[in-house]
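Comments concern the structure below.
We use all heavy atoms of the structure for the numbers below, so side chains are in, but hydrogens, waters and symmetry mates are not. The sequence lines fix the lettering, A, B, ..., with proteins before strands; numbering per chain opens at 1.
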Amino acid sequence: MPFSGRDPAPGPGRGAGRGAGPAPVQVAGPGGPWGPVRDQVARHGSALVHARLADWLPGDLADPALPALLGPDRLRFDRMRHPQVRARFAASRLMLKHTACAVIGEEPQALELAYKLGGRPYLRGYEQLDISLSHTADVLVVGLTRRGWIGVDAELMDRQMLGRGTEPQMCTPYERTALERVPEDRRNSALVRLWTLKEAYSKAIGQGMRFRFTEFGFGPQDRQAHHVQLPDGSPATGREWTFHTWRLQHRYTVSMALYDAGFGQTGDGAGALNVDGQLLAALTGGAGAHPPH
Amino acid sequence: MTTAAADTGTDTGTDTAEDIGTDTAADIAVDTGRDTGVTAGRLCAVILAMDDVTPDLLSGGPGETGGGGLDRDLQFGDDLGFDSVMLMQLKYGLEKGFPELGALCLPELLPSLATVGTLIDYLSRRLAPAGRA
């Protein structure tokens with residue numbers, strides 16, 4: 001069953017994130033502003049941050065300081081041949097690290113971006129802060145949450161997807177029927193929106209494109225998606241999932257899928273991510289721990 | 001880095017390339033055998049039919065191989081600029097360019113979409129007559 005891959009045990013706060021959710025925050029480079037990002041995390045446990053590529057592009061991709069900031073990613077960066085992909089790669093990693101640092105309270109150089117099997121990124125040592133990254137054309141998007149899992153995806157609103165063989169490969173039977181009822185002049189943008197929702201959800205569950213996009217769907221005409229649907233259009237997920245789609249920077253469709261596992265209560269970002277010292281000592285058998293029986 | 005060589009294309013490979021109107025594809029072959037060279041030529045035509053993929057990208061850079069080489073080490077994402085939408089459209093292109101394979105399954109195909117070389121190998125295995133795969 002494709003919808004149970006990352007199902008956690010029920011928790012007391014599960015489902016609490018349903019509702020308005022975080023409002024997107026635009027940042028203009030390493031200078032932020034980061035206050036609104038921290039505020040979103042404090043209020044919602046999650047944030048969606050977006051930026052223009054130009055605001056995060058290093059002035060010089062050969063800058064000797066860049067490898068230290070990229071960490072292990074520099075090996076991949078060094079061998080990339082496509083100039084735009086290379087530039088977006090560096091800019092997006094810088095933005096992700098600065099964004100996470102604004103919440104965690106660390107220095108960007110101290111954070112290591114690592115990848116799980118299948119390519120899902122995470123911050124080593126800060127796995128309780130789930131992250132997701134998307135970039136296309138000249139937009140960068142970072143999602144982060146400490147409530148569970150997050151996936152984000154961005155696409156140009158007018159990217160041509162209709163008639164390119166895409167619909168049969170990404171739409172459920174229900175979606176294809178529903179798409180045909182969308183006025184022709186809005187059908188391509190509806191397909192782009194569906195794509196971003198599917199990408200966001202599949203990223204959140206850690207599957208990416210290994211998860212067949214024809215086996216789950218969304219309502220093509222819903223103002224906001226409320227749940228994942230089975231191929232026949234019936235609901236497949238409950239209140240623990242929330243979905244949001246925005247039009248950002250006038251030309252991008254950006255979707256976010258958020259799984260509220262009941263982790264990480266809202267509050268100060270850095271404090272909420274720290275493990276209590278006494279608890280840690282007890283868990284590791286150090287000072288203050290009860291002697292073994 | 002393995003760079004493709006050129007002159008082993010059969011009628012099938014050349015016709016496919018010309019149908020799609022790419023000189024580069026017609027020039028393509030590889031040094032690992034006639035069948036693989038044909039497959040590479042047909043694959044080259046499919047890739048060049050994609051938006052945003054130029055012969056220069058596919059040959060590893062302007063002037064490096066005279067536009068006629070297919071570099072097996074090229075990565076679809078990092079070197080050719082493929083994103084997830086393009087990968088899905090590539091699958092569709094493969095189904096059109098290699099109709100004898102029938103419908104392809106993207107999750108099954110994904111591990112072979114690491115580099116041009118891994119995709120050539122996958123297609124060659126699938127196209128090989130029974131007993132030669």
Side-chain angles (χ1 to χ4, degrees), chain A residues 2 73 75-90 92 117-119 133-137 139 151-156 158-171 188 191-192 194-196 198-203 207-215 253, chain B residues 1 3 20 46-47 49-65 69-99 102-117 119:
Chain A
D73 269 341
L75 299 173
R76 183 176 164 198
F77 173 76
D78 284 345
R79 71 167 304 284
M80 286 179 159
R81 299 190 206 173
H82 195 291
Q84 283 97 351
V85 171
R86 198 162 186 264
R88 273 202 296 264
F89 182 84
S92 62
L117 202 63
L133 181 63
S134 180
H135 45 81
T136 189
V139 70
V152 298
D153 192 60
E155 273 300 338
L156 279 164
D158 60 356
R159 182 166 188 174
Q160 189 60 45
M161 293 179 75
L162 270 181
R164 303 289 178 95
T166 313
E167 307 97 290
Q169 301 182 73
M170 65 163 273
C171 293
N188 189 70
L191 190 59
V192 170
L194 281 179
W195 176 268
T196 60
K198 288 180 180 225
E199 279 270 78
Y201 175 69
S202 60
K203 285 181 182 179
Q207 289 296 305
M209 297 188 77
R210 292 185 302 280
F211 192 3
R212 288 175 193 248
F213 280 19
T214 50
E215 292 184 359
T253 298
Chain B
M1 186 165 68
T3 303
I20 301 179
V46 170
I47 295 173
M50 305 278 301
D51 290 341
D52 303 324
V53 180
T54 63
D56 280 349
L57 276 177
L58 204 51
S59 64
E64 287 189 9
T65 61
L70 183 61
D71 184 344
R72 287 177 54 92
D73 289 341
L74 283 171
Q75 298 194 15
F76 281 97
D78 290 355
D79 300 332
L80 294 176
F82 274 63
D83 62 12
S84 51
V85 174
M86 291 174 74
L87 287 177
M88 190 161 284
Q89 291 173 342
L90 174 63
K91 169 189 169 287
Y92 179 69
L94 291 170
E95 288 171 345
K96 302 276 278 186
F98 295 84
L104 299 172
C105 168
L106 189 58
E108 180 191 311
L109 189 60
L110 272 179
S112 301
L113 292 178
T115 67
V116 167
L119 183 54

Discussion item. Please determine whether side-chain contact (heavy atoms from CB on, under 4.5 Å) holds for the pair Arg164(A) and Val85(B), giving the CA-CA distance in whole Å, both sets of side-chain angles, and the decisive distance to 0.1 Å.
Written reply: CA-CA 10 Å; Arg164(A) 303 289 178 95; Val85(B) 174; over 6 Å; no

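Interface remark: Met50(B) contributes no atoms to any contact with chain A (heavy atom separation under 4.5 Å). Of the atoms belonging to Leu80(B), it is backbone heavy atoms, and not side-chain ones, that fall under 4.5 Å from chain A. Contacts between Phe213(A) and chain B at a heavy-atom distance below 4.5 Å involve the side chain alone, from C-beta outward.
Top candidate by heavy-atom pairs under 4.5 Å with chain B, chosen from Gln84(A), Gln207(A), Arg76(A), Arg159(A), is Arg159(A). When each of Gln75(B), Lys96(B), Glu95(B), Glu108(B) is checked for heavy-atom pairs under 4.5 Å with chain A, Gln75(B) comes out on top.
The structure places CG of Leu106(B) at 7.5 Å from CD of Gln169(A), a figure rounded to the nearest 0.5 Å. The NZ atom of Lys198(A) sits 13.0 Å away from the OG atom of Ser84(B) when rounded to the nearest 0.5 Å. Separation of atoms OG1 (Thr166(A)) and CE (Met88(B)) is listed at 8.0 Å; rounding is to 0.5 Å. Interatomic distance, Leu113(B) CG to Met209(A) CE, rounded to the nearest 0.5 Å: 8.5 Å.
Judged purely by atom type and a 3.5 angstrom limit, Asp79(B) has no side-chain atom pairing as donor or acceptor with the backbone of His82(A).
Between Arg81(A) and Asp78(B) there is no salt bridge, since no side-chain N of the basic residue sits under 4.0 Å from a carboxylate O of the acidic one.
Residue Met161(A) comes nearest to Gln89(B) through the heavy atom pair CA-NE2, 4.5 Å, listed as atom of the first residue, atom of the second, then distance.
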